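Right, one structure below, let's go through it.
Just so we're clear, the structure is a prediction, and the values are computed from it rather than from any experiment.
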Amino acid sequence: MALLLEDLLQPLESYYSEGRARLNLGQTSAHFGSGIAEMEAFSRVLWGIVPAVAGGEFTGRWEHHLEGIKNGTNPDHPEFWGWIHGIDQRMVEMAAFGLALALIPDKIWQPLNETEQHNLYQWLDQINQYDVVENNWQFFRILVNTGFDTVDLPVNEEKQQESFELIESYYQGDGWYADGPVEQWDYYISFGFHFYGLLYAACQKDKDPERAELYKQRASRFAEDFIYWFSDDGSALPFGRSLTYRFAQVSFWSACVFAELPEIDTGVAKGLIMRHMRWWMKQPIFSGDGLLTVGYTYPNLIMAENYNSPGSPYWALKTFLILALPEEHEFWQAPEKPMPSLDRVKKLTVPRMTIMREGNHVSSLVSGQYSTTEHAHNDSKYAKFAYSTSYGFHVAKGVFGPEQGAFDSMLAFSEEDGYYRGRRRSLLTEWQDGVLYSHWKPWRDVDVETWLLPAWPWQVRIHRVHSRRTLDAREGGFSLPLEQDGLIPLPDIQPNIETPADHVLSTELPAGISIIADLGGTRRLELGKTDPNTNLLFASPAVLPTVTSRITAEEGPVWYGTAVYAGSQTPSTIPKMIRTSDESYDVVYSGQTTVRVESILGSNPS
C-alpha cells in the first residue's frame, strides 16, 4: 500500500507552487474558484501522507508538506490560504489538519516555532467562529478540535458540543445516519460519518470513552449492511454524489481496522480493501501524466458536481489510513479473506434499498432519495429504480430525446415534444411487505405510483400512471456498451437480439445479456441507444432495451408491469402480472411466490 501511495503522489511533484502551499492540477473550475481549489488539492493529499508518516513512512515527503503548511497559514506569505468569512470549502479541508495534529503532533506541531504555531492555530480555529453546514461537515469541526486537544490547544467546547448534538440528530438507527436533515443515504455515511466517527473513537478513546464506544458500535452495525454494496470482484455500487472520490468507497473498512472494531474480521476487511484497490487500478482513471481525474471509471465532467475541482478526487486517499498501523499489526500479517456468505436478496431498511447479488453482479432497487441541496443530476444519482456494479447508471447529457436522456432504470415521460421527465422527488416512499413503493409526480397533474420487487434474478417494476395530459412514455432496463475492441458497430451490425412473442426483448453483447419484458403485453419493444460518456462505467455509446407507449388524458389510470434482468445467462422463467381488481395486481415469480401491489391513491389522487 505504501508503494501504491507513492505511485499516486509522485506525479504531483511538478505541480506544487514555489512555496509548496498550493497544487494547481488543472484548468477546470469549482464553485469556490481556483485559489481555494489549489489549497484543497494540497490538503487532500494529507489524507494519505499523514497516516504514512504516522506509520514511519514518507518522512522526506512530509518535510515538503510541512513547508507548505507554514506558508499557507502565514498571513504575510504570498501563498497564504486566506481568511474565511462564513461557510467555506476551506472548512472541509481543515479536517485533514486536525487528523495530522492528532496522529503526528511530533511532526506537525512540535517542529513549528511560536509564530508558526500561532498562525496554524488561528487559521484552523476559524472553523469555531462560524456556522458549519448541517450535515457531515459537523465532523470537520470535531476533528479540528480533536487535533487541538491532542496538542493542548484551547478547544471550543461549546461549538464541539453543538456539532456532537447535530450528529446525533442525524442518526437513523441500524448504524445509519442521514447526511443532515435530508433523505440522503449514500457514501457520505461510510466515508463521512463513520470514517470520521471512528477516527474520533480511536483518538479519544481514553478521554471520551462513552462516545467512542457508541461510534464503534454504530459502525459495527452499519458494516452488516454496507458490505452488501461490494461485489466479490472488488467493485462497489455506483450510487449517489461524489463518486469521483472513487476508492474512498472502501475507506470505511480502513477506519474499522484502524479503530480496532472487534466485530470486524481483519482478514475480510483486508480482502475487501485489496480487491477494491486492484479493481480501481485496472480502470483508466488517470491523466497521461498520472494525475487522478474527475470522473468515475474514466475522466468525465458530465457526472461531476459543482464542487469537484481538479484536486477533489484525492479524497480517495482516505483509504490509506491503514498505513498508520504499525508493521506488526494483525492487518499486515493476516491473509486476505473472500467475501463472507451473503444473502442474495437483502433489505436495507433505513436507506430504503434492496440489494440483489448474482455472481459478481450486485444491483440495488431504490425507492427514490432526494436531497434539497440540488447538486448536478440528483435525479440520475439517487432516483433511478436500480443501480449496478456491472452496468452502472447513466447521467443525462441533455433533456431532449432518449439518447441524451439515457433513461436506463427509469420511466420517463414527454409531452410529445421530445423533452423528458422522470422520477426526481417522491412525495411518499414506504415498504409494503418487502416491496419498495413510491408516489411521484413528473407534472402536477400526473401521478405515478411505482412498486419495485426483487423477484431474483429479475427486478420487477409495477407502475400505476394517472395522467391528465397526453404523454409518451419510455422505460429502460440496463444498458450494454456498444464498443468492442476499440470499434463501434456499424448501424447495420446489430447485437444479438431476440424478441419472442411473449413481449420480451433480450440483447446480448460481450458485456453481458440485458433483458426487458413488458408484463402487460401492451407496450412496444425497442432497442434504444444512449449518447457516449453518459454511463459512469463506460464511455462508449450503449444500447438500452426499452418499452414505449402513449398515454392519453382521457383513459384514466394505466397499469404497467416491467421485468428487467442483466447478467451472464438468461433466466429460465419470467415473472407474471395478474390483475386482481381495478386497483391491485399480483406479481408471481419462481412459480409460486406471489406479491400483491395495491394503489394507495385509488380513484382520487392528490
_Tyr585-Trp559 aromatic ring centre distance below 6.0 Å_ = yes
*Rounded to the nearest 0.5 Å, what separation is found between the CD atom of Glu430 and the CZ atom of Arg352?*
10.0 Å
_To the nearest 0.5 Å, what is the distance between CG on Leu519 and OG1 on Thr562?_
6.5 Å
*Hey, would you say the Tyr296 and Trp280 ring centroids sit under 6.0 Å apart?*
yes
*What do you reckon, are the aromatic ring centroids of Phe393 and His377 less than 6.0 Å apart?*
no
*Residue pair Thr450, Arg423: steps toward the side chain to side chain donor-acceptor pair (under 3.5 Å) verdict*: CA-CA 10 Å; Thr450 294; Arg423 185 170 73 170; 5.4 Å; no
_Between Asp417 and Tyr419, a side-chain donor and acceptor under 3.5 Å_ = no
*Any idea how Tyr420 and Phe407 line up, ring-wise: parallel (<30°), tilted (30 to 60°), or perpendicular (>60°)?*
tilted
*Can the ring centroids of Tyr245 and Tyr314 be said to lie less than 6.0 angstrom from one another?*
no
*Scan Trp176, Phe226, Phe222, Tyr187 and name whichever one has a ring pair (Phe, Tyr, Trp, His ring centres under 6.0 Å) with His194.*
Phe222
*Spatial distance of atom CG (Asp186) from atom OG (Ser242) [nearest 0.5 Å]*: 7.5 Å
*Test item: side-chain donor near acceptor, His361 and Ser388, under 3.5 Å*: yes
*Test item: side-chain donor near acceptor, Tyr560 and Ser549, under 3.5 Å*: yes
*If you look at every heavy atom in Ile189 and Asp179, which pair is closest and at what distance?*
CD1-N, 3.9 Å
*Can you check salt bridge (Lys or Arg N to Asp or Glu O under 4.0 Å) on Asp225 and Lys347, steps first, answer last?*
CA-CA 9 Å; Asp225 284 357; Lys347 172 182 173 181; over 6 Å; no
*Could Arg344 and Glu358 be called an ion pair, given the rule that one side-chain N must be under 4.0 Å from one carboxylate O?*
no
*Give, for atom CG of Leu4 and atom CE of Met274, the distance between the pair rounded to the nearest 0.5 Å.*
9.5 Å
*Please walk me through it: do Ser312 and Glu40 pass side chain to side chain donor-acceptor pair (under 3.5 Å)?*
CA-CA 7 Å; Ser312 294; Glu40 175 193 62; 3.0 Å; yes
_Quick test of your reading of the model: are Arg421 and Asp379 salt-bridged, counting only N-O distances below 4.0 Å?_
no
*pair Val587-Trp451: side-chain heavy atoms closer than 4.5 Å*: no
_For a quick check under 3.5 Å, do Tyr565 and Ser506 share a side-chain donor-acceptor pair by atom type?_
no
*Are Gln184 and Tyr382 linked by a side-chain donor-acceptor pair shorter than 3.5 Å?*
yes
*asked:* Assess whether a salt bridge exists between Asp233 and Lys282, defined as any Lys/Arg side-chain N lying under 4.0 Å from an Asp/Glu carboxylate O.
replied: no
*Do the numbers put Lys318 on top of the ring of Phe195, so that NZ or CZ is under 6.0 Å from the six-membered ring centre and no more than 45° off the axis?*
yes
